J.: 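Let me give you the structure first, and then I'll get to my questions.
Numbers restart at 1 for each chain; the letters A, B, ... are given by sequence-line order, proteins then strands. Side chains included, hydrogens not; waters and symmetry mates left out as well; all remaining heavy atoms used. Computed from a prediction, not measured in an experiment: that's the story for all the values here.
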Protein chains: 2
Amino acid sequence: MDETKEHLYPIKWLTKASAGDRVASELRMRIISGKIESGTILSENKLAADFAVSRSPVREALKTLAAENIIRLERMGAVVIGLTEKEIEEIYDVRLLIETFVFERLAQMNVNVLVNELSKILEMMKVAIKYQDADEFSYQDVLFHETIIRAIDHSYMLMIWNNLKPVMESFILLSMRVRIKEKYEDFTRIIKNHELYIEAIKTKDRTLMIKSLHKNFDDVQGKVEDLWRSQQLLVKGEEQEND
Amino acid sequence: MDETKEHLYPIKWLTKASAGDRVASELRMRIISGKIESGTILSENKLAADFAVSRSPVREALKTLAAENIIRLERMGAVVIGLTEKEIEEIYDVRLLIETFVFERLAQMNVNVLVNELSKILEMMKVAIKYQDADEFSYQDVLFHETIIRAIDHSYMLMIWNNLKPVMESFILLSMRVRIKEKYEDFTRIIKNHELYIEAIKTKDRTLMIKSLHKNFDDVQGKVEDLWRSQQLLVKGEEQEND
DNA sequence: TCAAGTATACTTGTATACAAGTATTATATC
DNA sequence: GATATAATACTTGTATACAAGTATACTTGA
């Protein structure tokens, strides 16, 4: 139906991905951006036609998105759930929960290697900002938190992260793309928060860690609504162009 | 290959399930029981032949089990991870984490309906014990905790639970089947713990809740190894019968 | 105009077919 | 005997085909 593929998801992140992954990534972005509205019923056949693939990868994608809680598989069609304010808060509940847990473990570990790794990622983030590369920045931002989680070698915490990651990634991606143009100064604050986070890990200062974690959330959460809306408008605009 | 289907997973729980779900459930039980050993490489074709279905439902099942972290999908074949002592501890870390979170929310809610629901489930558990029905007991036990989690209406906590549940269920199922024969007295203790749990929710007593939660874990965890071993022996025995 | 029943066009779940790629084994060459 | 190369038997990912079931629309009857 919609022949013009906008590719909301960065194409170069999909170099080695299967058709199923590609469909999932793109669909996820469209749902989270609001391009596909909450409540919409997705049909395997229509999606297959839209993405010019067979039903097999589409089914795979739908199963993935259902596990991520952004669609709901019903007897007839997949219903889009999407991300409302409530869901975003819930995601941050989970992040707060796991990252707090992770921190407790880190407090009993040697964190030299980790801190070094995080510093590197932070430098990357700075470079990304310098060149106004929102996608690269988002990638490094997500990687930052994943690196922390991976450090404690806890397969079930990682499992939770893996379920959360794609949605987080999409959300951050969309958010950063808007912000890097409109609210450039936000990024200095984000960087500062991450520096605080690293400091907290290095000094094993629990209160500092919680503080920087919450700051990070406030930073995102407070601005969620309007940013998200502007993104919606932006995408809707594109949509009209195509018709 | 192995034509004799042992049906480790209760068949009557699969009445309306798809072939994919059936394969996933049975495979999960075989992996967690140790019948399929950790490290084994599963082939889609072999599994399809084993379960007398096509590759489609098998692929679906493997994707599910990979999301549950008991197998790992690699370029060539799916590698069985299984449940070692480490994984079981990790699962309980997660349970402790989410149930603690849930409790905090419950403390700010009206819990009358929930407590009533839990009491009902507890009665069911008692009946199951009375008739030595390990499967029914396990079902109600899992339902008990799911009911608590559902009560706070938090879709992402539920998401975590949904990822954990099948593995938990299988593990409890196998564990209870052995215990109901060998260690009947365990069950009075389990019931008592659950009563404590309900009491904690009713009175919103955090310390009591944590205590009963930990007791529950100690109860399971301490006995995990030998129970699990005996289960392995039991299954291995069955295996030899077939050859 | 409305009700009931039938036909039609969709839906999912599963089986099968095929292509592209990878490991393994066998064969040929030194 | 060791090494390089070719043949084979596997692997996954995707497309397509089909069956069983469900909603929609249409027709028929009052």
J.: Do other residues, nucleotides or ligands put more than 12 heavy atoms under 6.0 Å from the CZ atom of B:F101?
T.: yes

J.: Side-chain donor-acceptor pair under 3.5 Å between A:T64 and B:K63, yes or no?
T.: yes

J.: Going by an N to O cut-off under 4.0 Å, is there a salt bridge joining A:R95 and A:E99?
T.: yes

J.: Provide, to the nearest angstrom, the distance between the CG atom belonging to B:L73 and the P atom belonging to D:dT11.
T.: 14 Å

J.: Is the closest side-chain heavy-atom distance between A:E169 and A:W13 below 4.5 Å?
T.: yes

J.: So do A:I88 and A:Y92 actually touch side chain to side chain, heavy atoms under 4.5 Å?
T.: yes

J.: B:S43 side chain: which of D:dT12, D:dT11, C:dT12 is closest?
T.: D:dT11

J.: A side-chain contact here means heavy atoms from C-beta on lying under 4.5 Å apart; do A:Y131 and A:V127 qualify?
T.: yes

J.: Tell me: CD of B:E74 to P of D:dT12, nearest whole Å?
T.: 11 Å

J.: Within this structure, what is the CG-to-P distance between B:L42 and D:dT12, rounded to whole angstrom?
T.: 10 Å

J.: Let me know the distance between CD1 of A:I71 and C1' of C:dT12, rounded to the nearest Å.
T.: 14 Å

J.: Is there side-chain contact between A:R150 and A:W161, with at least one heavy-atom pair below 4.5 Å?
T.: no

J.: Does B:A78 or A:M76 map to a spot on DNA chain D nearer the 5' end, using the closest nucleotide for each?
T.: B:A78

J.: Is atom CD1 of A:I41 surrounded by more than 12 heavy atoms (other residues, nucleotides or ligands) closer than 6.0 Å?
T.: no

J.: Can a side chain N or O of B:N45 be found less than 4.0 Å away from OP1 or OP2 on D:dT11?
T.: yes

J.: Could you tell me whether the side chain of A:V94 reaches within less than 4.5 Å of the side chain of A:E90, counting heavy atoms only?
T.: no

J.: I need the residues from residues 9-16 of chain A with at least one non-hydrogen atom less than 4.0 Å from DNA chain D; give them sorted by number, or say none.
T.: none

J.: I need the CD1-C1' distance between B:I41 and D:dT12, as an integer number of Å.
T.: 14 Å

J.: Protein within reach of the bases, or only the backbone? For nucleotides 14-19 of chain D, mark each nucleotide 5' to 3' as B, S or -, using heavy atoms under 4.0 Å.
T.: BBBB--

J.: Tell me: CG of A:L62 to C1' of C:dT12, nearest whole Å?
T.: 11 Å

